[in-house]
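In what follows, a single structure is set out as C-alpha cells and then discussed.
We're numbering straight along the sequence, starting at 1. For ligands, and for the atoms within them, numbers begin at 1 and follow the listed sequence.
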Amino acid sequence: MSETGGALSGTDSGLAAEAAKLDADDVLRAKRAEFVLDDTVYLDGNSLGALPANVPGRLAEVMTHEWGTLRIRSWDESGWWTAPERIGDRIAPLVGAAPGQIVVGDSTSVNVFKALVAAVRMARDPDEGRDEIVVDATTFPTDGYIAESAARLTGCRLIPVTPGDVPGVLGDRTAAVLLNHADYRTGRLHDLPGLTARIHAAGALAVWDLCHTAGALPVGLDAHGVDLAVGCTYKYLNGGPGSPAYLYVREELQSRFDSPLPGWNSHAQPFGMRPEFEAADGALRGRVGTPDILSMLALEAALDVWEGVSVDTVRAKSLALTDFFLRCVEAYVPEGRVEPVTPRAHAERGSQVALRCEGAGDVMKRLIEQGVVGDYRAPDVLRFGFTPLYVSFADAERAARVLARTLA
Ligand SMILES: Cc1ncc(COP(=O)(O)O)c(C=O)c1O
C-alpha cells in the first residue's frame, strides 16, 4: 500500500517537503492518534468518518454492563432515556447553538420531514396564505423527495431552484425554504447567513441541512437566526455507520413546533400512556419513538475527540488542506484530465474537493486499490473529503500523486 511517487518524484519533491513542514506546524496533528487509521489515505470522512479509538471500549461497556447486567434499569441509571437531548447538547457548540435546542435521533431523512412540515405549519399559523415550499434544486436526493411529499401533504406548491436563485422566488406565499449548507456533489458552500436573512425578510422559515458542514466549519445557527436545521452524525462527527441524526429547533419556535410525527417520546408525560397527545416542552418535541441506544452511545463516545478543539481551528486547517490538495493536483495531474468543480473562493468552499474526471467510477476504484480512498458521484465527479482531525498534508500530497499516476 505504500506509495513512493515513481515517475513523478522529480516534480513532487517540493510539495512533499512542504507537506512535511505543514504537518509539523499543524496544531491538530495529535488528534490523528485518537482515531483507528492505517497507512491508507482516508479521504472519505465526508461520507463515513473514521472510527474514534475510544468507541469500541465504550460500546463494550454498554453491552456488558449497561445492557448485559443492568438491563432495563439502564434507561434511568445509565441515562439512556435522556441521551437524545444530552447528546444534542454535545453537538450544539459544534454548530453554534446554545443548549436545549437539539435532539438526536432518527435519520436525516426523517428529520427533514419533521422540520419541513413543522416549518410550514408554523409559517401558516399567522398567515394562511403561505402555500409554497422552496427547495434546493441541486439537493441531495432524499431532501428533494421528502420536500415533494411534504408539499403534497401540506397542500403546498414545491418550487425547486438553485440556492443562488432563492431570493428571486421568495414572496408572501413562501412558507418554508429547505437548503443544504454545502452541496454534496461539488462541495460548494452556500451563504447560510445571507440566505437566512432573505428568507426571514420574506416572512418565511429557513430549514438547513448541515450534513456536509457540521464538524467541518463554523455554522452559527443561533447567530444567524436559523429556524430549523438537521444533519447526520456519521460524516465529520464520526458517529459510525447509520448513527442517528439530529434536529435543531430554535428556542423561540419550540412552543409552536407541531411535529408531524408525534410519538410517545415527545409526549409531556411519556409514561402517562394517555390516549391524547400533549407535546413536551422544548426540543424534546423533536423526539418520536424509542431511541437507538447503541448507535447513540457510540456517537456520544465519538464526540469526545472534540475535547479542546475549536471549530475555527478545524476550519482553518480544512481550508489549508483543500488549498494544498488543489495545488498538488494542479502540479502533478496531466493537464485536462480533471477539472475542479469546488469553488476556489474560501467563502464558497466546504471541506471536500470535487474533481470532474472522465471515467470517475473506474478511476476511483484504481485509487482505492492503491490506498487512496475517496468516492465518486455519478456521472463523473471524484470526491475527496478532508477531515481536519485526522487528515494530514502528507495525505493530501500522496493522494494527488497517486491520482496523477493513475491518470498518466
Ligand atoms: C446532504 C445530505 N442530506 C441527507 C442525507 C441522507 O441522510 P440519511 O440517509 O441519514 O437519512 C445525506 C446522506 O449522505 C446527505 O449528504
Side-chain angles (χ1 to χ4, degrees), residues 43-50 84 87-88 91 95 102-117 119 133-150 160 162-163 166 176-192 195 206-217 219 221 226 228-248 260-261 286 288-289 291-292 294-296 298-299 302 341-342 349-354 373-378 381-387:
L43 301 181
D44 218 358
N46 54 334
S47 199
L48 176 66
I87 302 169
I91 293 172
V95 291
I102 294 181
V103 279
V104 173
D106 308 312
S107 62
T108 306
S109 304
V110 172
N111 283 308
V112 167
F113 178 76
K114 291 182 227 170
L116 195 53
V117 174
I133 295 174
V134 178
V135 66
D136 178 354
T138 58
T139 189
F140 187 85
T142 207
D143 298 45
Y145 306 152
I146 288 167
E148 195 276 332
S149 176
T162 58
V166 164
V177 182
L178 171 63
L179 292 168
N180 292 279
H181 196 191
D183 185 299
Y184 76 100
R185 201 191 300 265
T186 64
R188 175 181 291 274
L189 181 67
H190 296 302
D191 177 14
L192 180 144
L195 287 168
V207 183
W208 285 92
D209 180 332
L210 309 178
C211 281
H212 287 272
T213 52
L217 53 94
V219 178
L221 289 178
V226 167
L228 298 136
V230 301
C232 69
T233 61
Y234 45 73
K235 301 184 194 292
Y236 298 103
L237 298 178
N238 313 301
S243 58
Y246 57 89
L247 170 68
Y248 164 91
L261 293 174
V288 184
D292 40 2
L294 297 181
S295 292
M296 207 168 276
L299 165 64
V341 291
T342 302
R349 193 190 306 160
S351 201
Q352 77 179 42
V353 172
V373 179
D375 61 22
Y376 86 101
R377 288 292 174 261
V381 172
L382 297 171
R383 295 195 319 170
F384 300 94
F386 289 84
T387 303

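Distances below 4.0 Å separate heavy atoms of Lys235 from the following atoms of ligand 1: 13 (C), 14 (O), 16 (O). The contact set between ligand 1 and Ser109, taken as ligand atoms under 4.0 Å from a residue heavy atom, comprises 8 (P), 11 (O).
Taking the six-membered ring where tryptophan is involved, the planes of His212 and Tyr184 are tilted, since the angle between them lies from 30° to 60°.
When every heavy atom of Lys235 is checked against every heavy atom of Cys211, the shortest pair comes out as CD-O, 3.4 Å. When all heavy atoms of Leu228 and Ala119 are compared, the closest pair comes out as CD1-CB, 3.6 Å. Minimum heavy-atom separation, Thr139 to Asn180: OG1-ND2, 2.7 Å. The two residues Leu116 and Val207 come nearest to each other via the heavy atoms CD1-CG2, 4.3 Å.
For ligand 1, the polar-atom distance check finds an N/O of Tyr234 within less than 3.5 Å of one of the ligand's N/O atoms. Below 3.5 Å of separation, one finds no N or O of Asn180 facing any N or O of ligand 1. For ligand 1, the polar-atom distance check finds no N/O of Thr142 at less than 3.5 Å from any of the ligand's N/O atoms.
In this structure, the protein non-hydrogen atom closest to atom 16 (O) of ligand 1 is His212 NE2, 2.9 Å. Looking from atom 3 (N) of ligand 1 to the surrounding protein, the closest heavy atom is Asp209 OD2, 2.7 Å.
Heavy atoms of Cys232 found under 4.0 angstrom from ligand 1: none, in either backbone or side chain. Residue contacts with ligand 1 for Thr108 involve both N, CA, C or O and side-chain atoms from C-beta outward (heavy atoms, distance under 4.0 Å). Counting heavy atoms under 4.0 Å from ligand 1, residue Asp143 touches it through the side chain alone.
Screening Val230, Asp136, Thr142 for a side chain to side chain contact (heavy atoms under 4.5 Å, CB included) with Asp209, the sole residue that qualifies is Val230.
Put simply, OG on Ser149 and CZ on Phe113 are 6.0 Å apart, with the number rounded to the nearest 0.5 Å.
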